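Read the structure below first, then the notes.
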Amino acid sequence: MAFGWIDEQAAARRRAGLVRTLRPRPADSPLLDLASNDYLGLARHPEVVEGAAVAARTWGGGATGSRLVTGTTELHGELERELADFCGFEAALVFSSGYAANLAAVTALAPHGSLIVSDAGNHASLIDGCRLARGTTQVVGHADPDAVRKALGTHDGPAVAVSDTVFSVDGDAAPLAGLAGACREYGAGLVVDDAHGLGVLGAGGRGAPYAAGLAGADDVVVTVTLSKSLGSQGGAVLGPARVVEHLVNAARTFIFDTGLAPASAGAALAALRLLGHEPERAARAREVATGLHTRLTAAGLEAVRPDAAVVSVRAPSPEEAVQWAADCRAAGLFVGCFRPPSVPDGISRLRLTARADLSEEQIERAVRVIGETRP
């Protein structure tokens, strides 16, 4: 029977407790949200929503074509200029998603004969970029510049190291200065995904590369998403102008994909400007994350110390993690639930995301619910 193997895989997922289910949320959910990536609380901010509405009224519901045909509007150019300036890079290129931006950066910067050195904890989009690239990939230990250095020393030719800046599972930060140093010893490029750093780390939320002193470096390329701290949708690649020009001509997820919808571009631009006027939001997101970690560990839970806005709490098993998250929802708290294969170490977790707009009362309530529902 066609696709008969699907039933076998479905049964295997059920036995392992790894079935995933879509849960559509209402427009006005009563749940306290510690599951979304809306780190700065901007997705529903009136200025961001108005930015989306004005863009839609001005440019229409969609970009109407690929960026190289009709999909580039003046608004896209404005967003790219302000994003590059904010993060300290020479140029930026906007994509329809952060996933597409990562695929573009890795595949276009790792041609045949090159070496890609990839962190074992990288996000799936970076991993898929490595799989699609024509270069050879070598996976190295997590957050280990010496391992990157050793791998680069085995290759004679173009090379690039690829890493998240903040890893999405435990919220730990990569040693960016060490990675850059290892790459520079061998003339290799560094590509980092700052999806969870933009808006949270660096002065005023300018990102982890800015905080590490790497912004604007001619050997560093950064990818970001517009769907987390900026409360919108889409992604971008930041770096030297010649790299961005190369992507325009060589990145398949740019050339053959419809441009980012104007409403998303307008919302992201409004959020970026709002962050520029209210830089304290970045510090508040970090403060909330620290507060969550302190209270969770004081309650006897095994929580990982956050380097940005992600706080993970270890669960005994996949099944218990799912039940724990469900019990939290029943008690009015929405938390993330990460299980294999989403977690590289096989340890299931509740994943909490700090938001700059959370009150102390909401933080206390969240910790209380998590403690009361623990397996």
Side-chain angles (χ1 to χ4, degrees), residues 87-90 101-198 200-202 206-224 237-240 242-244 246-247 304-305 307-308 310 344-345:
C87 295
F89 286 88
E90 188 177 11
N102 274 345
L103 293 184
V106 178
T107 56
L109 297 176
H112 181 74
S114 64
L115 173 68
I116 311 167
V117 183
S118 177
D119 189 289
N122 278 343
H123 187 264
S125 55
L126 289 177
I127 293 171
D128 286 351
C130 292
R131 290 170 176 170
L132 290 169
R134 295 183 178 182
T136 300
T137 298
Q138 183 172 338
V139 179
V140 296
H142 179 54
D144 188 349
D146 286 335
V148 172
R149 186 176 288 107
K150 183 178 179 181
L152 291 173
T154 67
H155 180 73
D156 183 18
V160 63
V162 177
S163 177
D164 287 2
T165 64
V166 177
F167 295 90
S168 62
V169 174
D170 278 333
D172 56 316
L176 294 185
L179 293 175
C183 289
R184 285 166 180 168
E185 287 181 29
Y186 293 93
L190 178 62
V191 176
V192 292
D193 176 3
D194 202 33
H196 300 278
L198 176 65
V200 178
L201 300 179
R206 284 171 171 79
Y210 190 97
L214 299 177
D218 61 7
D219 56 355
V220 176
V221 173
V222 176
T223 64
V224 297
V237 178
L238 314 174
R242 64 192 183 102
V243 170
V244 167
H246 172 68
L247 294 179
V304 179
R305 183 180 298 278
D307 287 328
V310 175
D345 57 8

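Computed from a predicted structure; not experimentally measured.
Evaluation of the side chain to side chain donor-acceptor pair (under 3.5 Å) rule for Asn102 yields Ser125, Asp193, Thr223 as partners, not counting sequence neighbours. By the side chain to side chain donor-acceptor pair (under 3.5 Å) test, Ser163 pairs with no residue at all, sequence neighbours left out.
Here the CZ atom belonging to Arg206 is positioned 13.5 Å from the CG atom belonging to Leu201, to the nearest 0.5 angstrom. Separation of atoms CG (Asp119) and CD1 (Ile127) is listed at 9.5 Å; rounding is to 0.5 Å. From Asp194, atom CG reaches atom CG of Asp164 across 9.5 Å, with rounding to the nearest 0.5 Å. Taking CG of Asp128 as the start and OG1 of Thr107 as the end, the distance is 11.0 Å to the nearest 0.5 Å.
Residues Leu126 and Ser118 are not in side-chain contact: their nearest non-hydrogen atoms beyond the backbone lie 4.5 Å or more apart. His155 has its side chain out of reach of Val117: every pair of non-hydrogen atoms, C-beta onward, lies at least 4.5 Å apart.
Here the closest non-hydrogen pair linking Leu176 and Pro209 is CD1-N, 3.9 Å. Across Ala104 and Leu247, no two heavy atoms sit closer than the pair O-CD2, 3.8 Å. Nearest heavy atom pair, residue Ala105 against residue Val237, reads CB-CG2, 4.4 Å. The minimum heavy-atom distance linking Asn122 with Val162 is given by the pair ND2-O, 3.0 Å. Minimum interatomic distance between Phe167 and Ala174 (heavy atoms only, all atoms of both residues): CE1-CB, 3.8 Å. When every heavy atom of Cys183 is checked against every heavy atom of Leu152, the shortest pair comes out as CA-CD1, 3.9 Å.
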Could you walk me through whether Ser114 and Val160 satisfy the side-chain contact (heavy atoms from CB on, under 4.5 Å) test, starting with their C-alpha distance in whole Å, then the side-chain angles of each, then the deciding distance to 0.1 Å, before giving a yes or no? CA-CA 8 Å; Ser114 64; Val160 63; 5.9 Å; no
As a quick check of understanding, evaluate side-chain contact (heavy atoms from CB on, under 4.5 Å) for His246 and Leu109, giving each step before the final call. CA-CA 9 Å; His246 172 68; Leu109 297 176; 4.0 Å; yes
Going through the checks in order, is the side-chain contact (heavy atoms from CB on, under 4.5 Å) test met by Val166 and Asp307? CA-CA 8 Å; Val166 177; Asp307 287 328; 5.6 Å; no
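Applying the side-chain hydrogen bond (donor to acceptor under 3.5 Å, both in side chains) rule to pairs touching residues 167-187 yields His142-Asp172, Arg149-Glu185, Asp170-Ser312, Asp170-Arg349, Arg184-Asp219, sequence neighbours excluded.
Atom OH of Tyr210 is surrounded by 12 or fewer heavy atoms from other residues, nucleotides or ligands within 6.0 Å.
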